[in-house]
Trainee: 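For reference, the structure I am asking about is given below.
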Amino acid sequence: MTLLLDVQNVTKRFGGVTANESVSLQVRAGEIAGLIGPNGSGKSTLFGAIMGAFPLDGGEVMFNGAAISHIRVGPIVRSGLVRTYQQTRIYGDMTCMENMQVSSRASQGNVLSLLRLKARGADARAEDLLAFVGLHEKRFERAGRLSFGQQKLLEFAMALMCEPKLLLLDEPTAGINPTLINGLIDRLQRANKELGVTLLVIEHNMRVIMNLAEHITCLAHGRVLASGAPDRVRNDPRVLDAYLGAH
């Protein structure tokens with residue numbers, strides 16, 4: 001498979017704290033990859049580094065064969081690389097062609113109108129994606145009235161509205177009612193197989209990520225601890241000691 005994302009020895013420091021140190025990982029087109037590690041291991045910082053949220057202190061990020069380390073978030077999103085967040089963010093007045101930001105007015109808009117804003121004029125696609133994530137019946141409700149799990153599904157639909165080649169998902173099942181998790185997993189797999197979206201997923205639910213991902217990277221203290229097939233990572237003594245053994 002074609003290499004879609006190539007993170008090469010990325011280092012990021014905040015003052016005297018090193019959040020990522022010489023982190024390397026690769027994601028191939030068409031796969032679902034996982035990123036795990038204890039809290040504070042640098043996973044979300046790495047997503048920020050990939051997305052151009054801040055300057056790197058070392059290393060390079062390549063996406064679809066092009067260096068993107070010195071490009072701003074907006075052009076990165078336009079190139080087909082999109083992310084979601086640990087805490088659901090509803091983007092109210094930004095299109096996919098602009099830098100994603102939180103809008104204070106977002107929760108006042110109805111569900112369908114928010115997707116239309118993501119790609120103006122794409123009404124049919126907005127309706128289809130709401131049906132895809134199971135929110136079509138909620139399309140005329142205010143986004144702020146949705147449950148937390150439904151808001152995560154809405155954010156997922158909004159990310160898909162951008163037609164990403166690669167979608168970075170930051171703890172998609174966190175805070176979701178257990179009864180909704182299996183449905184979300186199914187939709188992630190369908191987005192991968194039916195819509196052709198490659199996924200890189202941060203996830204703390206080990207049952208979810210071990211069954212979802214084809215390849216997993218584990219971070220600890222800002223460094224890559226282990227990388228490989230799920231069974232290999234799950235049984236790695238270093239991973240058991242640093243992460244899985246603590247749960």
Trainee: Check whether any side-chain heavy atom of K152 lies under 4.5 Å from a side-chain heavy atom of T84, and answer yes or no.
Mentor: no
Trainee: For the pair E203 (side chain) and N205 (backbone), establish whether a donor and an acceptor sit closer than 3.5 Å, ignoring hydrogens and angles.
Mentor: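 Flag set: sc E203 to bb N205 pair under 3.5 Å.
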Trainee: For S227, does its backbone N or O pair with a side-chain atom of T217 as donor and acceptor, under 3.5 Å?
Mentor: no
Trainee: Quick one: does D236's side chain have a donor or acceptor within less than 3.5 Å of a partner on R232's backbone?
Mentor: no
Trainee: Count I, L, V, M, F, W, Y as connected when their side-chain heavy atoms are under 4.5 Å apart, and connections chain through other members. Are M62 and L25 then in the same cluster?
Mentor: no
Trainee: Evaluate the side-chain proximity of L200 to L5: yes if any heavy-atom separation is below 4.5 Å, no if none is.
Mentor: yes
Trainee: Can you tell me how far CG of L169 sits from CG of L35, rounded to the nearest 0.5 angstrom?
Mentor: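 It comes to 11.5 Å.
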Trainee: Taking it one step at a time, do L153 and K138 satisfy side chain to side chain contact (heavy atoms under 4.5 Å, CB included)?
Mentor: CA-CA 11 Å; L153 289 171; K138 303 285 186 178; over 6 Å; no
Trainee: Distance check, rounded to the nearest 0.5 Å: T45 atom OG1 versus F54 atom CZ?
Mentor: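 These two atoms lie 5.5 Å from each other.
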Trainee: Quick check: closest heavy atoms across P230 and A213, and the distance to 0.1 Å?
Mentor: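 The pair with the smallest heavy-atom distance is CG-O, 3.2 Å.
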Trainee: Does atom CZ of R223 have more than 12 heavy-atom neighbours, drawn from other residues, nucleotides or ligands, at distances under 6.0 Å?
Mentor: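 Atom CZ in R223 is not packed in, count stays at 12 or less.
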Trainee: If I compare all heavy atoms of P164 with all of V82, which pair ends up nearest, and what's the gap?
Mentor: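 Between these two residues, the closest heavy atoms are CB-CG2, 3.8 Å.
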Trainee: Checking side chain to side chain contact (heavy atoms under 4.5 Å, CB included) for the pair H215/V27: CA distance, chi angles, key distance, verdict?
Mentor: CA-CA 9 Å; H215 185 278; V27 179; over 6 Å; no
Trainee: State, to 0.1 Å, how close V73 and M51 come at their nearest heavy-atom pair, and which atoms those are.
Mentor: CG2-O, 3.3 Å
Trainee: Of all the heavy-atom pairs spanning F156 and A191, show the shortest one and how long it is.
Mentor: CZ-CB, 3.9 Å
Trainee: Given side chain to side chain contact (heavy atoms under 4.5 Å, CB included), test L219 with V224 step by step and report yes or no.
Mentor: CA-CA 5 Å; L219 296 185; V224 174; 3.8 Å; yes
Trainee: Is R187 reaching over with its side chain to a backbone N or O of G183, donor-acceptor style, under 3.5 angstrom?
Mentor: yes
Trainee: Hey, is the main chain of R13 close enough, under 3.5 Å, to the side chain of T18 for a donor-acceptor pair?
Mentor: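 No, the answer is negative, given that no donor and acceptor are paired below the 3.5 Å cut-off.
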Trainee: Regarding N9 and S24, do their side chains bring together a donor and an acceptor under 3.5 Å, going by distance alone?
Mentor: yes
Trainee: Any chance you could lay out the side chain to side chain contact (heavy atoms under 4.5 Å, CB included) test for L188 and I32, step after step, and finish with the verdict?
Mentor: CA-CA 9 Å; L188 294 179; I32 300 177; 5.7 Å; no
Trainee: Kindly give the heavy-atom pair with the smallest separation between G59 and S69, and that separation in Å.
Mentor: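 Looking at all heavy atoms of both residues, the shortest contact is O-OG, 4.5 Å.
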Trainee: Counting only heavy atoms not in R190 (residues, nucleotides, ligands), do more than 12 fall under 6.0 Å from its CZ?
Mentor: yes
Trainee: If you group Ile, Leu, Val, Met, Phe, Trp and Tyr by side-chain heavy-atom gaps below 4.5 Å, do L154 and F140 land in one group?
Mentor: yes
Trainee: I need the minimum non-hydrogen distance between T11 and S22, along with the two atoms involved.
Mentor: OG1-N, 3.0 Å
Trainee: Output yes when a side-chain donor or acceptor of T198 lies under 3.5 Å from a complementary backbone atom of G30, and no otherwise.
Mentor: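 Between the backbone of G30 and the side chain of T198 there is a qualifying donor-acceptor contact (under 3.5 Å).
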Trainee: Can you tell if the side chain of I76 reaches within under 4.5 Å of the side chain of F63, non-hydrogen atoms only?
Mentor: no
Trainee: Checking K12 against F14: charged group under 6.0 Å from the ring centre and within 45 degrees of the axis?
Mentor: yes
Trainee: Is it the case that one hydrophobic cluster holds both L130 and L195, taking links as side-chain heavy atoms less than 4.5 Å apart, direct or via other members?
Mentor: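 Yes; tracing contacts between hydrophobic side chains, which count when under 4.5 Å, links both residues.
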Trainee: I want to check something: taking the side chain as every heavy atom from C-beta on, are V133 and L184 in contact at a cut-off of under 4.5 Å?
Mentor: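 Sidechains of L184 and V133: no contact.
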Trainee: I need the I176 CD1 to N182 CG distance, nearest 0.5 Å.
Mentor: 11.0 Å
Trainee: Identify whether the distance between the nearest side-chain nitrogen and carboxylate oxygen of R125 and D128 falls below 4.0 Å.
Mentor: no
Trainee: Within a reach of under 6.0 Å around CD of E137, are more than 12 heavy atoms found that belong to other residues, nucleotides or ligands?
Mentor: no
Trainee: Taking everything shown except H221 itself, do over 12 heavy atoms lie less than 6.0 Å from its NE2?
Mentor: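 Open.
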Trainee: I'd like to know if the side chain of D241 reaches the main chain of P237, judged simply by a donor and an acceptor atom lying under 3.5 Å from each other, with no hydrogens or angles considered.
Mentor: no
Trainee: Could you tell me the separation between the CE atom of M206 and the CG atom of N211, rounded to the nearest 0.5 Å?
Mentor: 11.0 Å
Trainee: Any donor-acceptor pair under 3.5 Å linking the side chain of K43 with the backbone of C218?
Mentor: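 Flag not set: sc K43 to bb C218 has no pair under 3.5 Å.
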Trainee: What is the distance from atom CD1 of I216 to atom CD of E214, rounded to the nearest 0.5 Å?
Mentor: 10.5 Å
Trainee: Answer yes or no: is there a donor N or O on one side and an acceptor on the other, between the side chain of N64 and the main chain of L4, under 3.5 Å?
Mentor: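 Not at all, since once roles are kept as given, no pair shorter than 3.5 Å links the two residues.
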Trainee: Out of curiosity, L166 CG to E31 CD, how far, rounded to the nearest 0.5 Å?
Mentor: 9.5 Å
